[in-house]
Amino acid sequence: MSATGANGANGSVQPTPLMKSYEADRDAKSTETVYTTSNGVPMPHPYMTQRAGVDGPLLLQDFHLIDLLSHFDRERIPERVVHAKGSGAHGIWECTDGLEDICMADMFKKGTKCPLTVRFSTVGRESGSSDLARDPRGFSVKFKTAEGNWDFVANNTPVFFLRDPAKFPHFIHTQKRDPATHLGGDDDSTAFWDYLSQNPESIHQVMILMGDRGIPKGWRFMHGYYGHTLKVVNKDGKWVYAQFHMISNQGTQNFTQEEAAQQSNDYGQKDLYEAIERGEYPSWTMKVQTMTVEQAEEAWEKKRVNVFDLTHIWPHAEYPLRTIGKFTLNENAKNYFAEVEQAAFNPSHMVPGIEPSADPVLQSRLFSYPDAHRHRIGANYQQLPVNQPVCPFAMGNFQRDGNMAFYNQGGRPNYLSSIDPIKFRDPAYSLNKVHGSFYGEAVAFLSELRPEDFNAPRNLWQKVFSDESKERFVEVVSGHMGKCTKEEVIKRQIAIFREVSPDLGERIEKKMGIKGYPGVEGMVFNGTHNGFGKKITANNMRDDTDVVFNNGAPAPRAHSK
């Protein structure tokens, strides 16, 4: 395609650029622009319309009006099903300490810097909801490294409500409005507690959510935890398991339920935006815990810590944190929609040196996140400026066309051509050695509730919560559970709290005025097998070859050859 433009100095016709600069458009002031239609035609006034006479109907030929209205009718893209309400900003990563001995990723070489975009969010609420809802927080960072984008897609809690990936859509449905009444959890908490009382592995996350850390004071004063176990690989192809943490350099601060109720729904957005505008740039230090394969097997056999279980943590005393570097947020978005709402974070965006583990919820997210982005934003969502990689080399592949294909790779072949061949780089390491030792038959897998699932929440209650924190926890739980309309659900949940601590169970029992069940042994759960005492299958399903009482922790055979 050719284009003609203004005459040059020598009278020759100069080509007109095919595309405008995103940065120039982003940074232009209104006084530097001319009002036009979407196809670039200047218009004398945005409010004028064409009519058939002063008192006649409008004319269909008035493209300006049709252009205005039709775009307005389409201004909303689908909100995120999860993490709909959030805030974001841009910043820079600096590797201060390095991780070269165990990870070959370029961003982990000491002194390396790269740009990044961050989005914080609540999880279950709607886009117009409060930033200060009692809810986990999303904590996503897009590192734009020289080797491609690494998306750190995390939460502000080290665990989550589930470890079976198929439970996720069902759990999130309990956070949404009731299909019949259209009421949310603030008015009717039955679905929420019904789910929790049938899936007791959620108890650690429940303890955090309903405790003093349940309402962070905006986005700046909370940590971020990847939660899932990853593999990091060094230049020799050797790998270890890793858990990444972002530690707030502002410290952590939280609101009580009463304090949060006095604040704006947009408290987090306002606090973050204004802090950056004042030059109070928030920062976080990245740290990592690691385990060798043998340590992971020992962690399960001797300590009942399952590195593939999203409801388990790695004790810091036994697996200490190692500092890697820090990131700082120093620039607000110029346009929220373009740079925050359209930002798309995807845990399957990994760079050489970072690989997924067999964590089943992570494996599920590797598919689910990019699938959601393709639906919400489009097949070419990674061409949007906020999502684009900034690699120092020209990128090429055989992906073409689809909605909004801004960069469609010119006239280059869209197949592996021998006439105009694309370049390839040698693999950074052998994927066969990092991932290739799995074997076995297909298994219909559902996890079971086990005694070790209560170790961490019990420590939280007995060793971390102060007396005042315990009182507030009981008040929050009983107040929220008081909006549950089914007494059976409350009795079941009290039994789960009793397994954390008899004292906790009794306190909630007294506060609710309802006698709960004595404990979980003998109970049938519809969402998990019960491994307490005589094993009971989930929902009383038939105990046959499709039932496996095993939570999928690393086994010695996983790395033997």
Summary of salt bridge (Lys or Arg N to Asp or Glu O under 4.0 Å) pairs that have at least one residue in residues 168-182, sequence neighbours excluded: E126-R177
Within residues 194-205 or reaching into it, pairs that qualify as salt bridge (Lys or Arg N to Asp or Glu O under 4.0 Å) - sequence neighbours excluded: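 Every salt bridge (Lys or Arg N to Asp or Glu O under 4.0 Å) pair that includes a residue of residues 194-205, provided the two are not neighbours, is K167-E201.
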Can you establish whether the number of heavy atoms outside F367 located under 6.0 Å from its atom CZ is more than 12?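 No, because the 6.0 Å sphere around CZ of F367 holds 12 heavy atoms or fewer from other groups.
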Would the number of heavy atoms belonging to other residues, nucleotides or ligands and lying under 6.0 Å from NZ of K270 be above 12?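 Atom NZ in K270 is not packed in, count stays at 12 or less.
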Mind checking what makes salt bridge (Lys or Arg N to Asp or Glu O under 4.0 Å) contact with [X], not counting sequence neighbours?
X	value
R472	D212
E499	none
K535	E448
R213	none

Test ring-ring contact (aromatic ring centres under 6.0 Å, His included) applied to F549 - qualifying residues, sequence neighbours left out: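 F549 satisfies ring-ring contact (aromatic ring centres under 6.0 Å, His included) with H529 once adjacent residues are dropped.
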Would you please name every residue forming a side-chain contact (heavy atoms from CB on, under 4.5 Å) with [X], sequence neighbours left out?
X	value
Q262	none
E521	F532
S189	W193, H480, K483, C484
E475	K511

If you look only at pairs with a residue in residues 303-317, which of them pass as a side chain to side chain donor-acceptor pair (under 3.5 Å), with sequence neighbours excluded? R163-D309, R163-T311, K303-E318, K303-Y319, D309-T311, D309-H312, H312-D453
Would T117 and E339 count as having a side-chain donor-acceptor pair, cut-off 3.5 Å?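 On atom types as modelled, these side chains do not qualify, holding no pair under 3.5 Å.
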So how far is it from K510 NZ to I508 CD1, rounded to the nearest 0.5 Å?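 Rounded to the nearest 0.5 Å, the NZ-CD1 separation comes to 13.5 Å.
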Does the pair E341/R376 count as a salt bridge with the N-to-O cut at 4.0 Å? yes
